[in-house]
Structure formats: structure tokens, C-alpha cells
There are 2 protein chains.
Amino acid sequence: MRKIKLLIEYDGTQYHGWQVQPHAPTLQEVIQEKIMVMTRHPVHLLASGRTDAGVHALGQVACFMTPTRIPVSGFRHGLNSLLPRDIRIRSAEETDPAFHPQYAAKRKTYLYRILNSEAPSAVYRNFSWHIPLSLDVPAMQEAAGTLIGAHDFSSFQGADADGMTTVREVFRAEWRGDKGKFLSFTIAANGFLKHMVRNIVGTLVDVGKGRTSGDEFRRILTARDRRLAGPTAPPQGLFLLEVTY
Amino acid sequence: MRKIKLLIEYDGTQYHGWQVQPHAPTLQEVIQEKIMVMTRHPVHLLASGRTDAGVHALGQVACFMTPTRIPVSGFRHGLNSLLPRDIRIRSAEETDPAFHPQYAAKRKTYLYRILNSEAPSAVYRNFSWHIPLSLDVPAMQEAAGTLIGAHDFSSFQGADADGMTTVREVFRAEWRGDKGKFLSFTIAANGFLKHMVRNIVGTLVDVGKGRTSGDEFRRILTARDRRLAGPTAPPQGLFLLEVTY
């Protein structure tokens with residue numbers, strides 16, 4: 001048996017997220033199905049983590065076991081010829097059978113993109129959150145700085161998340177004005193709770209609009225109470241950039 | 001009668017280009033139809049120029065006449081609520097009834113985007129030309145420099161273009177390496193022949209691959225013979241950025 005590790009890019013617009021669910025196309029299901037066309041045996045594709053419906057990935061990592069002798073390079077070319085064009089295998093390599101793409105992850109990096117312009121965009125509609133109001137980016141950056149370090153992020157956890165520890169360590173949380181009217185938020189941590197990035201972004205946008213002060217943002221973080229945080233930012237601005245092992 | 005000038009952004013992926021044609025959805029047709037929902041009279045929407053199937057625009061300009069008293073600001077909001085999300089009206093303003101969006105244009109600027117990476121992209125598949133071979137960008141830039149000024153661009157004209165002069169003046173022709181593996185070509189001129197940008201890009205890519213030398217590129221330009229130029233670059237990398245009056 002070999003374990004194959006895939007680096008996957010996808011446009012999540014047309015999918016109901018990563019995880020298989022009944023009656024809705026998901027990324028895991030579509031990719032598993034194409035792997036099975038190649039291997040002719042059932043496979044279970046395990047990812048570094050789920051992504052929500054509409055969320056994109058430039059560097060999702062997922063693994064499966066196979067007893068076949070298909071050369072590992074064949075999986076990239078073979079799957080790319082079978083998969084729809086909104087899913088691309090960037091690379092395929094053989095990895096240690098004990099490797100677990102979620103538990104072995106040391107660092108995950110997400111990007112959230114905001115289009116901060118009066119008019120909405122046709123070209124970027126599926127790849128950004130359009131906010132027509134002007135935002136105080138320095139205030140958003142200052143508040144984001146309080147996320148750095150190990151914290152209990154319960155305040156930014158999605159409602160129906162499951163147990164386990166809610167402490168995560170954030171290594172980087174940075175707003176950058178891209179060319180034109182795009183704002184990009186890059187956040188790296190040793191792991192993320194359900195909806196954590198989108199809840200953080202929604203709350204930081206409240207800071208940018210002047211609805212929430214920097215002090216209030218800090219209090220929301222330390223309160224460990226989801227009811228205090230701002231709205232969940234919409235999924236289409238979010239990209240899983242990289243998983244580091 | 002008032003003349004209304006629209007600034008339009010579109011994702012051209014789902015359309016058979018700008019110009020109305022039977023049995024295929026076009027941008028002109030879809031936008032005209034929604035204007036008619038508002039004005040309740042037939043309108044003819046005249047653009048700064050056609051764009052091909054799959055080509056995008058961040059700043060297309062188009063005009064129509066109307067006897068209605070709808071406030072001009074109402075067209076932006078009204079049309080954006082009627083139009084599909086891959087077409088957005090960036091602004092609407094009243095203009096001189098004599099204004100002609102094509103003949104009054106002093107300068108048009110296009111951007112062509114190449115994804116120069118080994119693996120193809122899922123997220124950018126409809127917004128770039130994927131070229132896995134490594135490209136000699138300095139050679140492409142040097143060749144692009146010979147385009148500057150007034151030239152007869154017949155060598156880069158699409159096969160079934162119609163008469164008129166084939167002389168155009170190019171003000172700017174510049175390759176830039178964007179972050180990551182994107183290459184962007186910006187070209188500005190007082191006007192463009194049919195397929196001119198895509199044929200220039202296809203031929204410059206041949207220069208980047210070492211198939212065509214800088215001297216040969218110059219000879220292709222001066223030969224005024226379409227058969228000498230390289231392939232037509234695919235439409236999805238092309239964006240009409242701006243029309244200047």
C-alpha cells in the first residue's frame with residue numbers, strides 16, 4: 001500500500017464545500033470519484049481540513065491509500081484530465097503511510113480578499129467580499145495585531161462546532177492594500193476553528209467601519225463568547241493558501 | 001432625448017462576445033434587454049468596440065438614447081438589480097447626444113494575463129492563458145518595444161476583418177511580472193484591429209519561447225502579412241481595461 005499526497009487548487013463556487021454530504025456536489029466526492037476511476041478500488045480522501053461552500057483553495061492537501069502500481073506522477077496528469085477545470089491537482093507525491101494531513105499540519109495560511117469600492121465587480125464577484133463603505137484599514141490592522149499568539153478563540157468559533165480545545169496560536173494576521181481597491185487579510189495559525197477566519201474578518205470589518213473599537217475587539221477575543229463577535233464574512237472571499245508540515 | 005453613457009464591467013466567460021448575434025447570448029443583447037425593462041422603449045446600445053467571446057472588460061463604455069425621465073443615477077442601481085452578477089454597471093452619466101463611444105475614443109487600454117507556471121490553475125482558469133513552458137520575458141519586452149508608435153498592423157489583424165485603415169498608434173506595450181507566476185501585458189493605442197491584441201500576444205509568446213527572434217518579430221510587423229504572425233492567444237486572458245476620451 002502506498003499513501004499518495006495531493007496538492008489541490010479549487011474554485012469552490014460550484015461546490016457545497018469539501019466534505020461529502022448527501023444530495024449536493026462536494027469537492028471530496030468529485031475528487032474521490034475520479035481517483036477511483038484510476039485506481040478501480042474504493043478510496044477515502046482525507047484533507048488537511050474542511051472548507052465551507054464557496055470557499056476556494058490554492059493549496060489544499062489531501063491523501064489516500066492505494067495498492068495500485070500507478071506511477072505517482074501519473075496521478076497529477078490522469079486526475080487533471082478527468083476532473084472538471086475548477087479543480088486542479090498541482091502535484092502528487094508518495095508520502096509516509098503514517099502521514100495525516102490534518103494532525104501533521106504545523107501551520108495553515110488563509111487569505112481573505114475584500115473589494116472595497118463603490119461599485120460591485122463582475123470579474124471578482126466569486127473571489128471577494130464587496131464592501132462599498134470606506135474602511136479604516138490602520139484600525140483594522142491594529143486590532144488584528146491582538147490576535148497574534150496563543151488564545152482561546154471560542155468567540156470566533158462557528159455555532160455548531162464540535163468539542164476539543166479552542167486554543168489556537170496565530171503567527172501572522174496582516175491587512176494589506178493590494179493594487180486598486182482590494183484589501184487582503186493574511187492569517188496563519190497552527191490550526192483554525194470552524195468559521196474562525198470568516199468570523200474574525202467580519203468582526204475586523206466592524207472595526208474598519210467604526211462600529212467596534214480596538215478595545216472592544218480585544219474584549220471580544222478575551223470574552224470567549226460567540227454572541228459578541230461580528231457577522232460571519234461571506235465565503236467567496238476566503239482562500240486556503242498553504243498548509244505547512 | 002438624453003444620451004446615457006454607461007461604464008460596464010463584465011466577466012465574458014458565459015457570453016458569445018459583445019455584439020448581438022442569433023441563437024447565442026451576447027453582452028449587448030442582455031444589457032439592452034434590461035435597459036428596455038426600465039425604459040419600456042426599444043434601445044440600441046452602442047459600445048466603444050466589440051469584444052470577442054470569453055474576453056472580459058473592467059471598463060467598457062456604451063451609450064443609448066432615451067426620452068424617459070428616469071434619473072441618470074437610477075440606471076446604475078436599476079440595471080445592477082436586473083442584470084446577472086457577471087455584468088455590473090460601474091457608473092451611468094448623461095452625455096452629449098453627439099458623443100460616439102467608438103469614434104470619440106482617444107485611447108484604449110487592454111491587459112493580457114498569462115499564468116506562467118507548471119500546473120494549470122483552477123481559480124484563474126477563465127482569467128488567464130496558462131503557459132507551462134518558461135518564457136524569456138526580457139526578450140518579449142524588447143520585441144514589444146518595436147510596437148510603439150504608428151504602424152500598419154495588418155500582420156496582426158484577424159482574418160475576416162473589414163476594410164478601413166490598418167494603421168494604429170501604440171502608446172504603451174509593457175510586460176510586467178506580477179506576484180507569483182503571472183505575467184501581465186498592458187497595451188494602449190488609439191484603436192485596435194480585430195484580434196490585434198491576441199495576435200500580438202501570441203507572437204510575443206513565440207518570442208518568449210525562442211521560436212521567433214526579436215528581428216523576426218520586427219519583420220513580421222513591417223511585412224503586413226497575417227500569415228507570418230504567431231497563433232492567436234486565447235480570449236480568456238484578455239481584459240478591456242479603459243477607454244479614454
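We use all heavy atoms of the structure for the numbers below, so side chains are in, but hydrogens, waters and symmetry mates are not. Every chain is numbered from 1, with letters handed out A, B, ... down the list of sequences. Worth saying up front: this structure is predicted, and the values here are computed from it rather than measured.
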Salt bridge check, [Y] against [X]: does any charged N sit closer than 4.0 Å to a carboxylate O?
| X | Y | value |
| --- | --- | --- |
| B/Asp52 | B/Arg198 | yes |
| A/Arg76 | B/Glu118 | yes |
| A/Lys3 | A/Asp96 | no |

Can you tell which part of A/Leu58 gets under 4.5 Å to a heavy atom of chain B, answering side chain, backbone, both or neither?
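Just its side chain gets close to chain B.
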Sort A/Ser121 into side chain, backbone, both or neither according to what part of it lies under 4.5 angstrom from a heavy atom of chain B.
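For A/Ser121, heavy atoms of backbone and side chain both lie under 4.5 Å from chain B.
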Could you have a look at [options] and say which one has the most heavy-atom pairs with chain B under 4.5 angstrom?
| options | value |
| --- | --- |
| A/Glu9, A/Arg88, A/Arg90 | A/Glu9 |
| A/Asn80, A/Ile89, A/Leu83, A/Val123 | A/Val123 |
| A/Ser91, A/Ala57, A/Pro120 | A/Pro120 |

Can you confirm if the aromatic rings of A/Phe127 and B/Tyr124 lie within a centre distance of less than 6.0 Å?
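No, the ring of B/Tyr124 stays outside the 6.0 Å limit from the ring of A/Phe127, centre to centre.
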Within 45° cone and under 6.0 Å: B/Lys108 NZ/CZ vs B/Phe192 ring
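Here B/Lys108 fails the 6.0 Å and 45° test against B/Phe192.
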